[in-house]
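In each ligand, atom 1 is the first atom listed, and ligand 1 is the first ligand listed.
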Amino acid sequence: MTESALSLLPRVAVILLAGGQGTRAGLGVPKQLAMLGAKPVLRWSVDAFAEHPAVGGGVLVANDDVMAALGDLPDGWISADPGVERQQSVANALAALADWEDGAFVLVHDAARPGVAAAVIDRLLAALHDTEAAIPTLPVPDTLVEQVGHLAGEVVDRSALARVQTPQAFHLGTLRRAHAEAVEAAATDDAQLVRRLGVAVATIPGDARLHKLTYAEDMAILAGLLGIGTMMRTAVGMGYDVHRLVSDKPLWIGGIEIAHSHGLEGHSDADVALHALTDAILGALGDGDIGDHFPPSDPQWRGAASHRFLGFAAERVAARGGRIDHADLTIIAEAPKIGPHRAAMRARIAEILAIPLERVSVKATTTERLGFTGRREGIAAQAVATLQLPEN
Ligand code: MG
């Protein structure tokens with residue numbers, strides 16, 4: 001778009017919705033913060049709008065944690081609190097745009113769609129010169145049928161149907177009116193609210209790159225659509241830990257409690273196996289060790305359940321765009337016998353790491369009554385973690 005064409009345009013604001021928790025994706029972090037290539041999912045949309053010459057400002061609707069993780073907002077951008085429902089989030093953003101004139105244009109976008117192309121923004125803004133609302137749509141490629149229990153029913157005419165994407169574009173005054181009149185009526189998007197005013201909503205060609213991140217496997221689809229290199233490297237980390245056995249303490253090993261005359265002494269629950277595995281994962285990430293992230297000097301970790309440390313390490317992997325390929329653990333103890341508890345430990349560790357059971361191994365050995373483990377003074381654990389991490 002040329003500079004002279006730009007000067008004729010009304011001001012354009014963006015409402016970027018990043019308020020959802022997005023835990024359905026199973027990425028270990030809110031989906032808007034998952035790493036897609038070199039930057040979080042949310043940053044892709046922020047950058048796409050900030051770099052578009054027509055966009056003069058924006059409202060990012062996100063909670064404080066997301067704001068802190070995202071870092072600086074572009075010039076002219078402000079933040080607003082998310083509502084419980086999407087509609088309330090948009091209303092909060094509209095309130096934050098109170099000093100924008102009704103004649104301005106506004107683009108409402110869901111941050112779970114990181115692939116915003118400048119051409120889509122151009123098409124939407126062009127449409128707003130002839131209409132008060134415009135949305136991107138795509139055809140439905142599959143045959144559609146009615147679902148009748150477990151049976152296929154009548155074929156639905158898909159030529160009369162379309163898939164709706166965001167950003168959705170509106171005259172700001174029209175969107176304000178739609179929200180003001182929608183007090184009790186919930187809608188899943190803003191175009192529906194505007195249609196209830198009797199305002200026509202135009203459609204423009206959507207874009208496959210606006211694919212929505214809903215499930216973990218959508219990350220690979222988006223990487224392909226956005227041309228992000230999916231080259232991964234293997235990283236292996238090892239961990240080792242020892243805790244002293246003392247009487248009158250519960251014994252936690254491998255994420256489960258075992259009935260025994262003695263337990264392990266330590267600042268947390270002293271789960272020696274989960275500590276070794278946490279260090280192995282942090283080692284593969286090159287991300288320090290368990291003591292750096294959870295200092296024993298910090299009273300908040302007194303008696304802490306060690307699955308929190310291991311879950312934290314797994315989240316660091318997901319946030320880096322990586323995955324845990326395998327975790328292998330060896331517990332070194334004279335007593336109690338580990339064998340009867342191995343299956344339960346394996347299942348618990350797979351659960352904490354959110355990986356399949358076959359990617360977790362738990363083994364045990366004695367030291368033939370030699371050394372501190374042989375004298376039952378303590379229990380040791382060794383772990384090896386194998387990760388796949390994106391090449392940068
Ligand atoms: Mg330890």
Quiz item: When you check the gap from the basic side-chain N to the acidic O, do D328 and K363 get nearer than 4.0 Å?
Solution: yes
Quiz item: Charged N to carboxylate O below 4.0 Å: is that the case for K31 and D218?
Solution: no
Quiz item: Do other residues, nucleotides or ligands put more than 12 heavy atoms under 6.0 Å from D72 CG?
Solution: no
Atom pairs and distances, side-chain donor-acceptor, residues 104-117, under 3.5 Å, sequence neighbours left out:
unit_1	atom_1	unit_2	atom_2	d
H109	ND1	T166	OG1	2.8
H109	NE2	R113	O	2.7
D110	OD1	A112	N	2.9
R113	NH1	L210	O	3.0

Quiz item: Which is the closest N/O/S atom of H275 when seen from the Mg ion (ligand 1)?
Solution: ND1
Quiz item: Can you name the N/O/S atom of H243 that is nearest the Mg ion (ligand 1)?
Solution: NE2
Exercise. Would you check if the Mg ion (ligand 1) lies under 2.8 Å from any N, O or S atom of D241?
Key: yes
